[in-house]
2 protein chains.
Amino acid sequence: MTTRPSLTERRKAETEREIARHAAALFSAHGAAGVTAEGIAKAAGVSLRTFYRYFRTKEEAVTPLLTGGVHQWLADLAAAPARLSVTEALERAVRSALAPEGPHAAFQAEALESTRGLLRAVPGDPALRSVWLRVHAETEEALVPVLERLARPGTDPLELRMTAAAANAAMRIAMETWATTQAEPGDPERGPAAIAVRCLRGLTAGLRTPRA
Amino acid sequence: MTTRPSLTERRKAETEREIARHAAALFSAHGAAGVTAEGIAKAAGVSLRTFYRYFRTKEEAVTPLLTGGVHQWLADLAAAPARLSVTEALERAVRSALAPEGPHAAFQAEALESTRGLLRAVPGDPALRSVWLRVHAETEEALVPVLERLARPGTDPLELRMTAAAANAAMRIAMETWATTQAEPGDPERGPAAIAVRCLRGLTAGLRTPRA
DNA sequence: CGCCCGTGTGGCACAACGTGCCATGAAGGC
DNA sequence: GCCTTCATGGCACGTTGTGCCACACGGGCG
């Protein structure tokens with residue numbers, strides 16, 4: 001029922017994925033500083049000029065890999081029933097978007113592993129860290145209208161922004177720790193969804209004042 | 001009592017401030033993309049080569065302006081008495097570091113206004129936004145050991161990281177909204193300290209589940 | 001006081017980044 | 001089969017950031 005994409009558009013989407021894949025592989029192997037834009041272009045089979053038509057900078061080339069999981073999370077959250085509380089809706093969206101047996105398993109199996117390899121290189125690479133932070137800054141802005149629907153009417157806009165920032169940080173830190181911990185594929189407690197839920201709950205627990 | 005800095009070291013610190021000042025003024029006026037590194041160097045009275053000895057990239061030149069208030073906040077938080085709860089210590093540190101009549105008024109009057117002008121340019125400038133985010137990412141890391149002292153022993157490291165992220169986001173969003181709202185110098189409710197406290201309280205309020 | 005060593009600085013050359021401009025060739029509509 | 005549209009490639013150019021070397025100035029020592 002979706003209008004079938006034109007042949008040209010399919011090729012464009014294909015080359016974009018191709019560039020992103022090779023960029024992620026090269027960055028993971030040699031770091032962003034050790035890879036030239038021309039190197040990525042050559043690996044992807046396009047000219048240098050074409051590379052810069054798809055991505056504004058060479059570091060931006062990996063954003064499709066980085067945004068994949070987060071965009072799914074945003075979509076699931078936007079589709080949550082309005083009767084849920086904010087914290088409950090956040091937990092459900094996290095489970096739905098990151099669970100390996102969830103409805104979005106297609107994305108998982110394909111790109112999640114290369115995303116993981118990329119995230120392992122993020123902490124030590126200033127350029128990659130910059131894109132990673134930019135992606136989450138945009139996610140934080142996109143979260144505000146989504147959370148507004150779930151919050152009680154008339155909520156202070158500043159409170160809304162803070163909730164968005166906190167929820168976004170939970171997603172970010174969960175993915176970071178998931179990427180940098182051992183694999184253990186059989187352990188569901190080490191999966192991204194479980195870690196994200198722990199982050200969300202640690203958020204409310206850490207701010208509860210123990211001694212009044 | 002502190003060993004007086006050598007003559008050369010004072011000059012180095014002076015030129016660093018000089019570069020940062022001119023960089024902030026030029027970036028605020030023309031945006032980061034509209035200013036060349038050579039332009040900043042010329043304005044500061046140094047050669048282009050020397051400029052890059054002080055800052056790795058041209059955008060980094062404004063970090064001293066951006067980190068000023070945040071570093072004060074970290075120091076005040078590290079000096080908080082251990083008997084305080086986390087939320088209470090955060091509020092006190094925010095008031096102490098950002099209050100216009102606080103003990104750090106020297107920094108306030110001097111650099112706070114140029115920092116404010118810089119922050120107004122941050123949202124629309126990708127390059128400036130990138131440094132702003134990097135500064136707060138480093139602050140978030142630095143917050144973890146500081147908060148560990150205030151939290152109850154044996155706290156989950158993940159919960160600690162989440163608390164650091166939330167507190168850091170409060171500081172960041174408070175400074176952003178303070179910079180982008182009207183001046184109203186006589187109104188204490190619009191001051192950076194008051195906004196930061198609202199952010200911290202909005203954080204706990206937004207995560208409290210209203211309907212159990 | 002005069003010498004010397006360490007170091008901050010400037011100039012130069014260079015690889016890489018990112019963009020504007022134009023020519024080419026293939027996709028899609030008539 | 002023709003023509004418009006547009007993705008691509010090649011080229012030139014200003015800018016970024018770095019390595020290398022020469023110079024000058026501050027600071028210590030005989």
Side-chain angles (χ1 to χ4, degrees), chain A residues 2-24 26-27 29-64 124-131 134, chain B residues 2-24 26-27 29-64 124-131 134:
Chain A
T2 60
T3 58
R4 56 273 176 213
S6 168
L7 191 73
T8 319
E9 297 186 26
R10 257 183 296 165
R11 281 182 178 264
K12 281 177 62 176
E14 174 64 26
T15 48
E16 174 168 319
R17 278 196 304 266
E18 200 70 6
I19 293 176
R21 276 184 33 182
H22 287 100
L26 290 172
F27 284 169
H30 312 105
V35 179
T36 67
E38 190 174 358
I40 306 172
K42 287 288 182 187
V46 297
S47 90
L48 180 64
R49 193 62 188 88
T50 305
F51 173 87
Y52 280 111
R53 284 189 221 282
Y54 280 90
F55 301 100
R56 287 179 305 158
T57 73
K58 76 171 180 184
E59 294 87 7
E60 292 275 324
V62 293
T63 39
D125 196 310
L128 289 184
R129 187 154 190 81
S130 192
V131 235
R134 194 188 59 80
Chain B
T2 62
T3 58
R4 56 268 177 218
S6 170
L7 199 82
T8 39
E9 296 187 26
R10 258 183 296 166
R11 282 185 176 267
K12 279 177 63 175
E14 175 64 24
T15 48
E16 174 167 320
R17 278 197 304 266
E18 200 69 6
I19 294 176
R21 276 186 33 183
H22 288 100
L26 290 172
F27 284 169
H30 312 106
V35 179
T36 67
E38 190 174 359
I40 306 173
K42 286 288 181 187
V46 296
S47 90
L48 180 64
R49 194 61 189 85
T50 305
F51 174 87
Y52 280 113
R53 284 199 176 88
Y54 280 88
F55 301 101
R56 285 178 304 158
T57 72
K58 75 171 182 184
E59 294 87 7
E60 291 275 324
V62 293
T63 39
D125 196 311
L128 290 184
R129 187 153 190 82
S130 192
V131 247
R134 194 186 59 79

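Lettering of chains follows the sequences in order, A, B, ..., and the numbering in each one begins at 1.
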What is the separation between atom CD on A/E18 and atom P on D/dT8, rounded to the nearest whole Å? 13 Å

Whole angstrom is fine here: how far is it from CD in B/E59 over to P in C/dG18? 11 Å

Could you please spell out the steps behind the salt bridge (charged side-chain N to carboxylate O under 4.0 Å, His left out) verdict for B/E14 and B/R17? CA-CA 5 Å; B/E14 175 64 24; B/R17 278 197 304 266; 2.8 Å; yes

Taking atom C1' of C/dT9 as reference, at what distance in whole Å does atom CZ of B/F55 sit? 16 Å

Ignoring backbone atoms, establish whether B/T50 has a side-chain N or O less than 4.0 Å from OP1 or OP2 of C/dT9. no

Against the side chain of A/Y52, the closest entry in D/dT8, C/dG18, C/dT9 is C/dG18

Which part of the nucleic acid, if any, lies within reach of A/R53 when heavy atoms closer than 4.0 Å are counted: base, sugar-phosphate only, or nothing? base

Stepwise, does the side-chain contact (heavy atoms from CB on, under 4.5 Å) test hold for A/V62 with A/F27? CA-CA 9 Å; A/V62 293; A/F27 284 169; 3.6 Å; yes

Answer whether the closest heavy-atom distance between the side chains of B/I19 and B/F55 falls below 4.5 Å. yes

Select base, sugar-phosphate, or nothing to describe what B/F51 touches, counting heavy atoms under 4.0 Å on all strands. nothing

B/Y54 atom OH is separated from C/dT7 atom C1', nearest whole Å, by 11 Å

Give the table of side-chain donor-acceptor pairs shorter than 3.5 Å for residues 39-52 of chain B, with sequence neighbours excluded, one pair per line with atom names and distance.
unit_1: B/S47; atom_1: OG; unit_2: B/R49; atom_2: N; d: 3.2
unit_1: B/S47; atom_1: OG; unit_2: B/T50; atom_2: N; d: 3.2
unit_1: B/S47; atom_1: OG; unit_2: B/T50; atom_2: OG1; d: 3.2

When you get a sec, tell me which of C/dT9, C/dG18, D/dG9 is the closest nucleotide to the side chain of A/R49? D/dG9

For side chain to side chain donor-acceptor pair (under 3.5 Å), just list the numbers for B/E38 and B/T36, CA-CA rounded to whole Å, side-chain angles, deciding distance to a tenth of an Å, and then say yes or no. CA-CA 5 Å; B/E38 190 174 359; B/T36 67; 5.4 Å; no

Is the number of heavy atoms from other residues, nucleotides or ligands under 6.0 Å of B/R21 CZ greater than 12? no

Strictly below 4.0 Å, heavy-atom distances to any atom of DNA chain D: list the hits from residues 35-45 of chain B, or just say none. B/V35, B/T36, B/A37

Indicate the atoms forming the closest heavy-atom contact of B/V131 with B/E60, along with that distance. CG1-OE2, 4.0 Å

Go through C/dT19, D/dT16, D/dG19 for me and flag the one nearest to the B/K58 side chain. D/dT16

Can you tell me how far the OG1 atom of A/T15 sits from the CZ atom of A/R53, to the nearest 0.5 Å? 12.0 Å

Classify every nucleotide of nucleotides 24-30 of chain C by which part a protein heavy atom approaches to under 4.0 Å, writing B for the base, S for the sugar-phosphate alone and - for neither, in 5'-to-3' order. ---SS--

Tell me the interatomic distance from A/L48, atom CG, to C/dG20, atom C1', rounded to whole angstroms. 14 Å

Validation row: B/E16, B/P64 side chains within 4.5 angstrom (heavy atoms): yes

